[in-house]
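Excluded from the calculations below are hydrogen atoms, water molecules and symmetry mates; all remaining heavy atoms, backbone and side chain alike, are included.
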Amino acid sequence: MRSHDTPTARTEPPPAPGTGPAGPPAVPATPVRAPDPSGPAPGAAEPAAGYAAARLHLLNDPHTPGAPRRAALAALTDRWLGHLMRAAQRDTGVTGSALVAVGGYGRGELSPRSDLDLLLLHDGTADPRAVAALADRIWYPVWDLGLALDHSVRTPAEARTTAGADLKVHLGLLDARPVAGDPGLAASLRTTVLADWRNRAPGRLPELAELCRERAERHGDLHHLLEPDLKEARGGLRDATALRAVAASWLADAPRDGLAEARRTLLDTRDALHLTTGRAVDRLALEDQDQTAARLGVLDADTLLRRVYEAAGTIAYAGDVTWREVHRVLRARSTRRRIRTVLTGGARRTEPERTPLADGVVEHEGEVALARTARPERDPVLLLRAAAAAAQAGLPLSPHAVRRLAATAPPLPVPWPAEAREEFVTLLGAGEPTVAVWEALDAEGLITRLLPDWERVRHRPQRNAVHVWTVGRHLVETAVRAAALTRRVHRPDLLLVAALLHDIGKGWPGDHSEAGETIARDTAARMGFDAADAAVVATLVRHHLLLVQTATRRDPEDPATVRTVAEAVGTMGTLQLLVALTEADALATGPAAWSGWRALLVDDLAERTGAVLEGAAPAAASAPGAEEERLAVEALRTGGPVLALRTHGDGSPAAEDGGAPEPVGAELLIALPDRPGVLPAVAGVLALHRLTVRSADLRELTLPAAGTGAVLVLNWRVAAAYGALPQPARLRADLVRALDGSLGLRARLAERDAARPRRRGAEPPPPRVTVAADASHRATVLEVRAPDAPGLLHRIGLALEDAGVRVRSAHVSTLGANAVDAFYLTADGGGPLSADAAEDLARTLAQALR
């Protein structure tokens, strides 16, 4: 609770020699002998030194973690501040005053680096200069210890007025607690502020709800973020405090099951984060997660995140339920007021309407509830019927109905009856409303009852910058995306179930697609699908990455590529489902996983595969497009590189004038007579111009009509790292110089790389180069996975040139911070490399990229 409305309020401590960042000093190697935190207050001679030593001892004590340490730290701080207050009152003669803790400190919860949130309350009778002196005698010792301080000086009337004008101040004062001075003054303020809160709740709670909503939009959902803000994100400590304020209003209350434990989990995690970093931070950054987990005695960072996500999910769900109840109560109050204004004399209160939605399911006051005649203990399908009805109606499930179903509904028979399977598919096919209904069921453990393997993916983090969701939420999001694609496929039910299960194997060791295949087959059979349908679901899960990986990393014009996909898919119907699943999975992953460019590649591969499944031979190499052919002819005529830069994006209008860059990128076509060093030269020039390569394709064209000789055609998808795209003429000039050696490309890139600032964070895994066996009968295929960086493709090209191999085609893609590239290589004679030579090259290339 910061204030700038009094002469004594200071937001920054005055400079003091030898002081460091706010908080306790570094932990010494030898334990400090210090006063017992529960013992008497520090002595008068050195109160600050005594408090600092006792505080340090408490923070280093491994036997007092979590809530006991927070309470002990608050009590220790109370005694020290009480000593300061009493001494200051004696020195200044100001007696009608009280020191009041508010906010977290008021609740008796002090994390290692928490602010001291203090209000100096006075009755207004003392001279203002004496009050200012009183404040200085308290604030300055706090600053001298380097502790963070939020402070204000007010009379009770001023505090009440400020609370009435500032919601955040009002929230802080709800937890006001006297520390020292006149206890009656503090108690009177707390009583008045609480009464004001309850009287003004109908106006203040909607304001608080909007504050929570805006904060969630800024900081996201804590239970899905890889680096969550424990305080500000949705489901965080701020939301838990808001729920306490709602309860204090007596207007509504939050579901209490697990809420206190969830809040303790977040507080304990923040304590450990403070001690790990030595700073007052709330964001659980990647580089701090392992140490924070170790300090908490947790197995690893993933286990820690799952605990945090579980806690945040509990708080977020409680918030959703609570705010619905607040709005319902406020609507009801408003309706009653309107009724009272109608002078009918005989007006009687009417029961809210209950509209039937399904057998045993009704809509009641904006929620889906159980009918009065429903008997969930005798109707195992009622759970899915209610969930499907809620999702179809776009309404939330009543928490009372969910709890009743959790307490009384019997398990479904195995295999499920047809009605249960149909209702489950209806739930998945409802689109966006499915998410809220699913989370309501999950909060009461009902999803794990339906799908036992769900527990392994529930709240499981994904350490991949491409993914924006945890595994469990990603699966639900994929089903939501698939619901929009059901008109494209002949079996929407199989698509939706496969979408929900496609990553279910991530809860098990090994390849998640292989593990998921078995789980999906068993789960589909459990749901009552016949053996043939269960096999299709299992195939979709096993190969859910096949199309996108093959389309971006393999040469579609190599017959082996299409045959491999056709053999894995088996039928046209399965291929149709797999295309839709591929799109839904990518869209639910994040913006970096799907684009119009990738969609075109997948569609082309699917079309080629479909032709083979219908009995045709694999298509021959496609003829070059008109633009490619024009550039190739010009390259042969001039003997040098020719290029075209088309600055249009996926679905956006073309901008042929080469104006400002757009977010998706530009298409760069380059044609030049075949010669050594093309790949590293082109890649190096693009890196020099700060162009990020998002995808690339290199292939050789032979145009007999244009004369003898082969032409290399490179189709690149690029984007400017910043600024505008370079002019094509300048790109061509630099490419000519790079090819003849006059540009000094290696030295210039090395100089730029040395000047590039190094990013903080977890060290990425080393590059990995593997030989893709049987990927082609014409060439050796090397797969390169490495952290994306400027000049990476240039370095790969140089290493391949130095090895004396020929790049027949290259397929480059970028996913988030990772590059996944495939290179089709041949030896001098034109055939694939021997197995030993290929493995040696893979090791050499991996070493060159380190």
Side-chain angles (χ1 to χ4, degrees), residues 466 513 543 545-565 568 582 586 592-593 595 597-598 600-602 604-606 608-609 618 621-622 678-680 682-683 686 692-700 712-718 765-789 792-801 803 805-827 831-833 835 837-846 848-849:
V466 177
S513 297
H543 297 297
L545 296 174
L546 177 65
L547 291 182
V548 71
Q549 288 185 347
T550 304
T552 57
R553 304 178 195 173
R554 297 291 180 266
D555 185 353
E557 296 182 350
D558 190 320
T561 299
V562 179
R563 284 200 188 97
T564 299
V565 176
T582 298
S595 66
W597 182 255
R598 279 194 171 87
L600 287 173
L601 295 178
V602 169
D604 176 66
L605 177 61
R608 293 170 183 267
T609 303
S622 60
V678 168
L679 179 60
V682 175
L686 296 184
T692 300
V693 178
R694 290 181 172 165
S695 65
D697 183 79
L698 178 153
R699 60 176 175 154
E700 183 182 286
L712 289 179
V713 175
L714 299 91
N715 191 327
W716 303 72
R717 199 74 164 172
V718 299
R768 184 165 175 254
V769 183
T770 56
V771 180
D774 302 324
S776 173
H777 300 301
R778 300 176 176 178
T780 296
V781 180
L782 284 191
E783 267 199 4
V784 180
R785 297 168 183 261
D788 191 31
L792 174 66
L793 194 54
H794 172 70
R795 292 165 61 199
I796 293 173
L798 287 176
L800 295 178
E801 287 289 333
V805 296
R806 179 183 179 83
V807 181
R808 181 173 162 270
S809 68
H811 307 272
V812 175
S813 61
T814 304
L815 289 175
N818 295 300
V820 183
D821 305 339
F823 300 90
Y824 282 67
L825 309 173
T826 59
L833 281 64
E839 292 294 343
D840 288 343
L841 178 57
R843 286 191 291 270
T844 301
L845 181 55
L849 296 179

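Side-chain atoms of R795 and L849, non-hydrogen and from C-beta on, do get closer than 4.5 Å to each other. When side chains are defined from C-beta on, V812 does not count as touching W716, because their heavy atoms never get closer than 4.5 Å. Between D821 and E783 there is no side-chain heavy-atom pair separated by less than 4.5 Å. Considering only heavy atoms from C-beta on, R554 stays 4.5 Å or farther from Q549 through its side chain. Annotation: side chain of L601 is not in contact with side chain of L547 (no heavy-atom distance under 4.5 Å).
Rounding to the nearest 0.5 Å places CG of L800 at 6.0 Å from CG of L841. Of the inter-residue distances, the one linking L792 atom CG with T692 atom OG1 reads 11.5 Å to the nearest 0.5 angstrom. Annotation: the span from L845 atom CG to D840 atom CG amounts to 12.5 Å, rounded to 0.5 Å.
Listed here is the closest heavy atom pair of P680 and L798: CB-N, 3.7 Å. For the pair D604 and P556, the tightest heavy-atom approach, listed with the atom from each and the gap, is OD2-CB, 4.0 Å. Taking each heavy atom of A779 and P832 in turn, the nearest pair found is C-CB, 3.7 Å.
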message = Please determine whether side chain to side chain contact (heavy atoms under 4.5 Å, CB included) holds for the pair R843 and V769, giving the CA-CA distance in whole Å, both sets of side-chain angles, and the decisive distance to 0.1 Å.
response = CA-CA 7 Å; R843 286 191 291 270; V769 183; over 6 Å; no

task = Applying side chain to side chain contact (heavy atoms under 4.5 Å, CB included), run through F823 and I796 and close with a yes or a no.
result = CA-CA 10 Å; F823 300 90; I796 293 173; 3.5 Å; yes

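In terms of the salt bridge (Lys or Arg N to Asp or Glu O under 4.0 Å) criterion, E801 has no residue partners (sequence neighbours excluded). Scored by the side-chain contact (heavy atoms from CB on, under 4.5 Å) test, L698 finds L679, L712, L714, V807, A810 as partners (sequence neighbours excluded).
Using a distance-only test at 3.5 Å, with no hydrogens or angles considered, no donor-acceptor pair links the side chain of S513 to the main chain of H543. Under the 3.5 Å distance criterion, the side-chain polar atoms of R808 are left unmatched by any main-chain donor or acceptor of Y824. Looking at H794, its side chain never comes within 3.5 Å of a backbone N or O of A683 through a donor-acceptor pair.
Among T550, D555, V781, the one residue that satisfies the side chain to side chain contact (heavy atoms under 4.5 Å, CB included) test with H811 is D555.
Applying the side chain to side chain donor-acceptor pair (under 3.5 Å) rule to pairs touching residues 765-778 yields D558-S776, sequence neighbours excluded.
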